[in-house]
Number of protein chains: 2
Amino acid sequence: MKYTEARQQLIRTWGQLSTHWGISRTMGQIHALLMVSPDPMTSDQIIEELKISRGNVSMSLRSLVEWGIVHKTFIPGERKEYFASEKDVWKMALQIARERKRRELDPVIQSMQHLQAINPDSASAREVDELNKMTTQILDVAMQVDKMLDIGIRSGGQTFVRKLISVLR
Amino acid sequence: MKYTEARQQLIRTWGQLSTHWGISRTMGQIHALLMVSPDPMTSDQIIEELKISRGNVSMSLRSLVEWGIVHKTFIPGERKEYFASEKDVWKMALQIARERKRRELDPVIQSMQHLQAINPDSASAREVDELNKMTTQILDVAMQVDKMLDIGIRSGGQTFVRKLISVLR
DNA sequence: CAATGATTTCAACAAAGATTGAAACAAAAG
DNA sequence: CTTTTGTTTCAATCTTTGTTGAAATCATTG
């Protein structure tokens, strides 16, 4: 397989994949492009390469920076801003896990905590009971997963998963 | 907090959440409704409760069944189909993990395997090198996560996470 | 501080995704 | 076989999300 093909396919695949994760296709493509680029890139280079609008590039880059997986870098004597992706895929995965935990898991925990202690108005005991069982279970699962992610994040991805696999096989 | 409120909030929250996960809001709501319902429900009851169209309910239920977290059940002497959710949240989480692995992780592994062994056409050594480093890393991470999920799935969620937390703290 | 170059914002537009509802289909009952 | 009841399909429509491009903002330079 030729370099240019392979590179394009990676960008396409990553863009495709990203849509399954609440991230726009363009963001995914930009991220892939930065991952495989040996040097930081300017927005103009990205526009050129992916044929997308300046506005879109600007917004996507900002969002990638907010996710913490792309960094602005300044090159001495250069006026333009340069962007580079995190190159360590484990670090990247952890950073994504950390953000998703914050954006998705933490709110669930909050929400389920509010739903504890129900006052059975017109409902039957069975109904109240079932609802309680569910919220309690969901809270339990969410809190344990949360704890697990904390540990994983603290100990660094590779170490964590390696240990884990060796311990639990 | 009153029962009816709490129930509605759970349904709203779950529907909201589901959109972050490539699942439509309606599907999430139906799932929440089935989770807290002590008895299996017919599509008519779901339509009534959530005020959504028959077609939507039919398609969403099918999809939930494909995900393996909702089951059709037949009640003797009844002509209608009844649907019930998996009630064990750990089982549910595992089933979702299993499906997501199949739908999202496995394709990445496949794709990265295709991208190994690049023929440097017009590209510089640095560029080829960077691309190779990336695809190799991604493949590595994906395969380890895959292995981890396999172990987790085999040993059952609760056991898995409990062990893991206790071992790695 | 005016001019130039770079970046961001945002209203208008486009694309993708979700939902509806009515027609087609399937299964059981009379 | 016909009717009744229940389920699925799918084109049309609505909703949500993503994208563009030009104007506004910001920053640097002479």
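Order of the sequence lines sets the chain letters (A, B, ...), proteins ahead of strands, with each chain counted from 1.
Protein atom CG of Leu61(B) is 16 Å distant from nucleotide atom P of dA18(C), rounded to whole Å. As a whole-Å value, the separation of Ile23(A) CD1 from dT16(D) P is 22 Å. Spacing between atom CZ of Arg54(B) and atom P of dT5(D) amounts to 13 Å, rounded to whole angstrom units. Between the NE2 atom of His20(A) and the P atom of dT17(D) there is a distance of 17 Å, given to the nearest Å. Between Lys80(B) atom NZ and dA29(C) atom P there is a gap of 15 Å when expressed in whole angstrom units. When the C1' atom of dG17(C) is taken as reference, atom CD1 of Ile52(B) falls 16 Å away, rounded to whole Å. Met41(A) places its CE atom 13 Å from the P atom of dT7(C), with the value rounded to the nearest Å. The separation between Arg25(B) atom CZ and dC14(D) atom P is 17 Å, rounded to whole Å.
When all heavy atoms are compared, the tightest approach of Ile118(A) to Lys2(B) is CG2-C, 4.2 Å.
A cation-pi arrangement, defined by a distance under 6.0 Å to the six-membered ring centre and an angle within 45 degrees of its axis, is present between Arg103(B) and Trp67(B).
Within the 4.0 Å cut-off from OP1 or OP2 of dG17(C), not a single side-chain nitrogen or oxygen of Ser24(B) is found. Neither OP1 nor OP2 of dA6(C) sits under 4.0 Å from any side-chain N or O of Ser43(A).
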Problem - salt bridge (charged side-chain N to carboxylate O under 4.0 Å, His left out) evaluation trace for Arg102(B) with Glu99(B) - result: CA-CA 5 Å; Arg102(B) 194 176 64 74; Glu99(B) 278 296 309; 2.9 Å; yes
Exercise for the section: Could you go through the salt bridge (charged side-chain N to carboxylate O under 4.0 Å, His left out) check for Arg7(B) and Glu49(B) one step at a time? Expected result: CA-CA 12 Å; Arg7(B) 175 189 165 104; Glu49(B) 181 97 33; 3.0 Å; yes
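Summary of the strand contacts: Asp44(A) and Thr19(A) both lie near DNA chain C, and taking for each the nucleotide with the nearest heavy atom, the more 5' one is attributed to Asp44(A).
Of all nucleotides listed (dT7(C), dA6(C), dT19(D)), dT19(D) comes nearest to the side chain of Asn56(A). Closest to the Ser53(B) side chain, of the nucleotides dT8(C), dT7(D), dG21(C), is dG21(C). Listed nucleotides dT7(C), dT20(D), dA27(D) differ in distance to Arg79(A); the shortest reach to its side chain belongs to dA27(D). The listed nucleotides are dT7(C), dT8(D), dT19(D); the one nearest the side chain of Thr26(A) is dT19(D).
Put simply, the side chain of Met1(B) does not reach to within 4.5 Å of the side chain of Asn119(A), judged on heavy atoms.
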